[in-house]
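Note that ligands are numbered from 1 as they come in the structure, with each ligand's atoms numbered from 1 the same way.
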Amino acid sequence: MAQKSHIKVPASGQRIKVKNKKLVVPDNPIIPFIEGDGIGPDISKAALRVLDAAVKKAFNSKKKIAWMEIYAGEKAKKIYNEWLPDETIKAIKKYVVALKGPLTTPVGGGFRSLNVTLRQVLDLYACVRPVRYFEGVGSPVKHPEKLDVVIFRENIEDVYAGIEWKMGSADAKKVIGWLNKNMKTSIRLDSGLGVKPISVFGTKRLVRKAIQYAIEKNRTTVTLVHKGNIMKYTEGAFRDWGYAVAKKEFAGKVISEKELWDKYNGKRPKNKIVINDRIADSMFQQVLSRPDEYDILATPNLNGDYLSDACAAQVGGLGLAPGGNIGNYIGLFEATHGTAPKYANKDVINPGSVILSGAMMLDYLGWKKAARLVEKAIQTTISQKTVTYDLERQMKGATKVGTSEFASKIIANM
Ligand code: NAP
């Protein structure tokens, strides 16, 4: 039986389309949004207000987003009796660009993460997370302003692919039995198993996107982050395939670290992107000890997940860390933190992450003026020291405001 439709398409808007491999964005694009669980309603409300105000101001009311609510998580369970309705996935595919609040994922059990599922079914293979410092925010390091990186994390493969067998299950026993017999491994029978697939295809399209971004945005370096010294055929191959795509598809536009020193005495020519690689554990200490030497970081899935949060903490926490999950055309922009259930419906949490994800979304639409307005207004509001609890506890002499008031201050500062 066909699922009943619950999405109300706004009459005032038009669809974003893809023509000649480019997005064609009307002045009144229909943009679906998922409110999210836990703190989702509070931060989504705040974000929509801020984004609307920025678009209005930047384009003198000539452009306006026609928001369209779509459902996932607890709200979808109530409305559809399903966690991730087909209608939601179809809407994101049809309308191309969407904004999303955090969704609950119970640990363990038979419940697949909705976030991971969305990324996989929509083939959103690049998780893009810019991390930079907002002046005045408290940070655990002396020079947080030195970190300004964009992490391109592969979003589909690696140990996140969801190919796992529970310890003791018939399938786990079958796989262990086969490996021990045919591949001469000695895996203990009481092991749970997971598979780590990393492909040429998945790696190349991710690294290609990272290099294209570096060129378009005039960045300086793309670093391939991997643990290839240990996992040679997955992480090590990620590095090799990354270099291969750089060499073959971006010849003349990229130089290796060796060339940088041998040919250019360590001084990067303006029109070249340096491509280098670092082992993941070293990368974690490098972002702390030499943050200004890094720029775009391309990583497999698991390393990228850890590294994004570590970098976000370095510049003051998850509350201001935006993210976008991007495929060939579809872009699903989302807060990088979770549902923080203890703060749900209290109007206290920092909406900065989803607001900045919205700014990334505006950039993706080509509405750069509005995106810059959002970022500048957030900076001004932080400089005025009127901030939510998470920033207030790290700043001397700051005034604590709630989620909605913080959003109002940002709007007033545009
Ligand atoms: P979490 O929801 O991110 O919250 C952990 C802590 O991070 C919070 O207690 C809070 O710390 C801080 N925090 C989170 N959001 C913040 C914000 N907007 N502003 C300021 N501080 C913020 O992580 P979790 O408790 O591990 O996960 C809860 C649920 O969210 C789980 O079901 C998880 O699976 C899910 N999750 C979803 C996504 C997603 O939808 N993309 C991502 C991650 C997790 P303090 O208490 O110290 O202030």
**Q** By number and element, which atoms of ligand 1 are closer than 4.0 Å to a non-hydrogen atom of N115?
**A**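 Listed by number with element: 37 (C), 38 (C), 39 (C), 40 (O), 41 (N).
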**Q** Show your reasoning for whether side-chain contact (heavy atoms from CB on, under 4.5 Å) applies to V287 and Q314.
**A** CA-CA 9 Å; V287 288; Q314 199 167 321; 3.9 Å; yes
**Q** Less than 4.0 angstrom from a charged side-chain N to a carboxylate O is my criterion; do E249 and R208 meet it?
**A**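 Salt bridge present between E249 and R208.
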**Q** Enumerate the ring-ring contact (aromatic ring centres under 6.0 Å, His included) contacts for residues 367-392, please, sequence neighbours excluded, ordered by first and then second residue.
**A**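 Qualifying pairs: F59-W367, Y343-Y389.
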**Q** Which one holds for D390 and ligand 1: side chain close, backbone close, both close, or neither close, with close meaning a heavy atom under 4.0 Å?
**A**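 Just the side chain.
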**Q** Ligand 1 and R119, any nitrogen or oxygen pair closer than 3.5 angstrom?
**A**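 No, no N or O pair falls under 3.5 Å.
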**Q** Examine R132 relative to F134 and say whether NZ or CZ is less than 6.0 Å from the centre of the six-membered ring and inside a 45° cone about the ring axis.
**A**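 Yes, R132 sits over the ring of F134.
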**Q** Aromatic ring centroids of H6 and Y71 under 6.0 Å?
**A**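 No - the distance between ring centres of H6 and Y71 does not fall below the 6.0 Å cut-off.
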**Q** N/O of L103 under 3.5 Å from N/O of ligand 1, yes or no?
**A**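 Yes; at least one N/O pair falls below 3.5 Å.
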**Q** Would you call D123 and R205 a salt bridge, using N to O less than 4.0 angstrom?
**A**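 A salt bridge links D123 with R205.
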**Q** Heavy-atom distances under 4.0 Å are what count here, so tell me which part of I349 touches ligand 1: side chain, backbone, both or neither.
**A**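 I349 to ligand 1: side-chain contact only, backbone stays beyond 4.0 Å.
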**Q** Just distances here: any N/O of P102 and N/O of ligand 1 closer than 3.5 Å?
**A**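 No; the residue has no nitrogen or oxygen that sits under 3.5 Å from a nitrogen or oxygen of the ligand.
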**Q** Which of the atoms of ligand 1 are close to Y343, meaning less than 4.0 Å from one of its heavy atoms?
**A**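 The atoms of ligand 1 under 4.0 Å from a heavy atom of Y343 are 9 (O), 45 (P), 46 (O), 48 (O).
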**Q** Tell me the nearest of L318, L320, L391 to atom 7 (O) of ligand 1, using heavy-atom distances.
**A**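 Selected option, by shortest heavy-atom distance: L318.
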**Q** What pairs of donor and acceptor atoms, side-chain ones from residues 163-177 against any protein atom, are under 3.5 angstrom apart with sequence neighbours left out?
**A**
from	atom 1	to	atom 2	distance (Å)
S169	OG	K166	O	2.8
S169	OG	A172	N	3.1

**Q** Can you figure out which of D309, D37, T339, D42 has its heavy atom closest to atom 28 (C) of ligand 1?
**A**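 Among D309, D37, T339, D42, the closest heavy atom to atom 28 (C) of ligand 1 belongs to T339.
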**Q** Would you say that more than 12 heavy atoms from the other residues, nucleotides or ligands in this model lie under 6.0 Å from the NZ of K400, or not?
**A**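 Atom NZ in K400 is not crowded, with 12 or fewer foreign heavy atoms closer than 6.0 Å.
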**Q** Could you tell me, atom by atom, which parts of ligand 1 come under 4.0 Å of a heavy atom of E334?
**A**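 Ligand 1 atoms under the 4.0 Å threshold to E334: 41 (N).
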**Q** Considering the heavy atoms of K100, write down every atom of ligand 1 situated less than 4.0 Å from one of them.
**A**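 Here the atoms of ligand 1 in question are 40 (O), 41 (N).
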**Q** Provide the number and element of each atom of ligand 1 under 4.0 Å from a heavy atom of T104.
**A**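 Reading through ligand 1 atom by atom, the close ones are 32 (O).
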**Q** Can you figure out which of A344, P351, G338, G36 has its heavy atom closest to atom 3 (O) of ligand 1?
**A**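 Looking at heavy atoms only, the winner is G338.
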**Q** From the options A340, A72, A321, select the one whose nearest heavy atom is closest to atom 4 (O) of ligand 1.
**A**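 When every heavy atom of A340, A72, A321 is considered, A340 comes closest to atom 4 (O) of ligand 1.
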**Q** Can L320 and Y133 be said to form a side-chain contact (heavy atoms from CB on, under 4.5 Å), step by step?
**A** CA-CA 9 Å; L320 289 170; Y133 182 62; over 6 Å; no
